[in-house]
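The block underneath contains the structure these notes are about, expressed in C-alpha cells.
Just follow the structure's listing: the first ligand is 1, and inside any ligand the first atom is 1.
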Amino acid sequence: MRIGVTCYPTVGGSGVVATELGLAMARRGHQVHFICYALPYRLGRVPAGVTFHEVTFPSYPLFQHPPYSLALASHMADVAAHHGLELLHVHYAIPHAVSALLAKEIMGGGPKLVVTLHGTDITVVGADPAFLPVVRWALDKADAVTAVSQALAQETREVIGTRREIQVIPNFVDLSRCDPSLQAAYRRRLSPDGAPVLVHASNFRPVKRVLDVVEVFRRVHEKLPCHLAMIGDGPDRPAAERAVREAGLAPWVDFLGNVSPVEGALGAGDVFLLPSEQESFGLAALEAMACGVPVVATGVGGLPELVTPGSGGFLFPVGDVEGMAAQVTALLQDPQELLKQKRLARERAEQFSQEKVVDAYEALYRQLLSLP
Ligand code: GMT
C-alpha cells in the first residue's frame, strides 16, 4: 500500500504512535510518506520505504496566524497525486482531518482517509465551540475513525455528537526499546545512594497536574529516602521546579527534559506517577510498564483500560495525593510486593505489543481499500 501519514512532529504520544506505526508499515513492505511541518521526533534517520515531505507555509504581513491547515491540504494533495497515495492516515483531528478532506476534494476523490483520535483533539480543543462544528463534520466525512481507548470513543460520541462508527485500536509499545544497560546508567545517575526512584514523564501541561507529582513525592520522601525523575518539558515545568525548591527537595529531584530514548530514564524508576486530570490512553504509563515499572495514576479516561488496579498499577481519584503517596510508600517499603508489581506491569504491557496493534491498523487499511 502507498500510505500518507500526518501527525504533529513534536514530542508527544500521538506523534510517537503515528511514527512507530508508519515505520512498522514500511518494515512490512508498504510505502509510507510522512507529510508534517517538521521531521517527526521519532523518525530519526529516514529508513527505506519511508519518505518525509515537509510542509512549509509562507509568512505574509496579512497572516497574523499562518494558514497551516491550507498549506497542509495543498501538500497532501500534491504528494497524494505524485506518489499515488491510496490512503491518508492522520493523527489528531485538528486540523489534520479537515486538511485531508480538503486535499481529497482538490483531487476529486483521492485517497481513503483514516482519522485517529488521540485525546485532547476531542476532550479539550475539539470540545471548544471554536472547533466543534468543523471536527464533527470532519469525523462524519472520514472513511474511518479510530480512537485509542473505549473511553475516548465514548467521549467523542458524547462531546462531538457524532453517531458514526469509531473503531477502538489501543496504543502500543515496542517492548524491545527497553534497554537494561541504559536503564542501569540512568539509575546510577538518578540514585547514586541506591534509594528508590519515582519517575514521571509528560508534556507538563496543566492537564498532567505535575504539582500533584511533586506533592506525592514530598509525602513519600517524608517517610523514606527516595529520588524523583521528571522527564519532559512544558508550560508547568517552572511551577514544578519552584515547588520542588520551596519544599527543600531540590537535591532529590532531577528535571531531565525531553530525553531520548525516553525508556532509559523511565526504566530507571521503581514507580511511575501519572496523576493526570485527563488521559485518553496514557502512553507514557504503558512505556513505563513495558520497562517493568508499576504505575500509580488517576483512574481517568482510558487509564482503567490499561491499568488493572493491584496488577502492575494502582488508580486513584484526581487530586488524591494522600492515597497515591500512601500507595507508593507501601510499595517501596515492601520489596517483595514491589518486585511482584514490576513483573505484573511488564506482563500487562506485553498485551499491548506492537505487532498485534499494527495488525489491526493494517487490517483496517486493507478493508478500506478492498484488499485481501
Ligand atoms: O494533547 C496532549 O496532551 C498530547 C497528546 C499527544 O498528542 O500525545 O496526548 C494524547 O495522546 C496520547 C497518544 O494517544 C495519549 O497516550 C495521551 O493519553 C493523550 N493525552 C491526553 O488525553 C491528555
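The protein does not reach atom 9 (O) of ligand 1 closely, with no heavy atom under 4.0 angstrom from it.
Using a 4.0 Å cut-off between a side-chain N of Lys or Arg and a carboxylate O of Asp or Glu, Glu337 and Lys340 qualify as a salt bridge. Here Asp236 does not pair with Arg209 in a salt bridge; the nearest charged N to carboxylate O distance is not below 4.0 Å. Here Arg42 pairs with Glu263 in a salt bridge; the nearest charged N to carboxylate O distance falls below 4.0 Å. Salt bridge status for Arg366 with Asp359: absent, with no side-chain N to carboxylate O gap under 4.0 Å. Comment: Glu86 does not engage Lys112 in a salt bridge, judged by the lack of any side-chain N to carboxylate O separation of less than 4.0 angstrom.
In this structure, of Leu283, Asn203, Val300, the residue bringing a heavy atom nearest to atom 4 (C) of ligand 1 is Asn203.
Residue-to-ligand polar distances place Gly282 within reach of ligand 1: an N/O pair is separated by less than 3.5 Å. Between Gly13 and ligand 1, at least one pair of N/O atoms sits closer than 3.5 Å. Residue contacts with ligand 1: Val207 is placed with no nitrogen or oxygen under 3.5 Å of a nitrogen or oxygen of the ligand (distance criterion only).
His118 O, 3.1 Å is the protein heavy atom nearest to atom 11 (O) of ligand 1. The protein heavy-atom contact nearest to atom 23 (C) of ligand 1 is Gln278 O, 3.4 Å. For atom 7 (O) of ligand 1, the closest heavy atom belonging to the protein is Ser14 OG, 2.5 Å. At the shortest separation from atom 22 (O) of ligand 1 among protein heavy atoms lies Ser280 N, 2.8 Å. Counting protein heavy atoms only, atom 18 (O) of ligand 1 is closest to Glu279 OE2, 2.6 Å. Of all protein heavy atoms, the one closest to atom 2 (C) of ligand 1 is Arg205 NH1, 3.2 Å. Closest protein heavy atom to atom 1 (O) of ligand 1: Thr120 OG1, 2.3 Å.
Residue Gly12 approaches ligand 1 through these ligand atoms, each under 4.0 Å from one of its heavy atoms: 8 (O).
A distance below 6.0 Å separates the ring centres of Phe217 and His221. Between Tyr68 and Phe57, the ring centre distance stays below 6.0 Å. For Tyr92 and Tyr8, the distance between ring centers is under 6.0 angstrom.
At a 4.0 Å heavy-atom cut-off, ligand 1 touches Asn171 through the side chain alone.
Residue contact annotation: Gly301 has no non-hydrogen atom under 4.0 Å from ligand 1.
No side-chain N or O of His75 forms a donor-acceptor pair with one of Glu54 less than 3.5 Å apart. A side-chain donor from one of His53 and His33 sits under 3.5 Å from a side-chain acceptor of the other.
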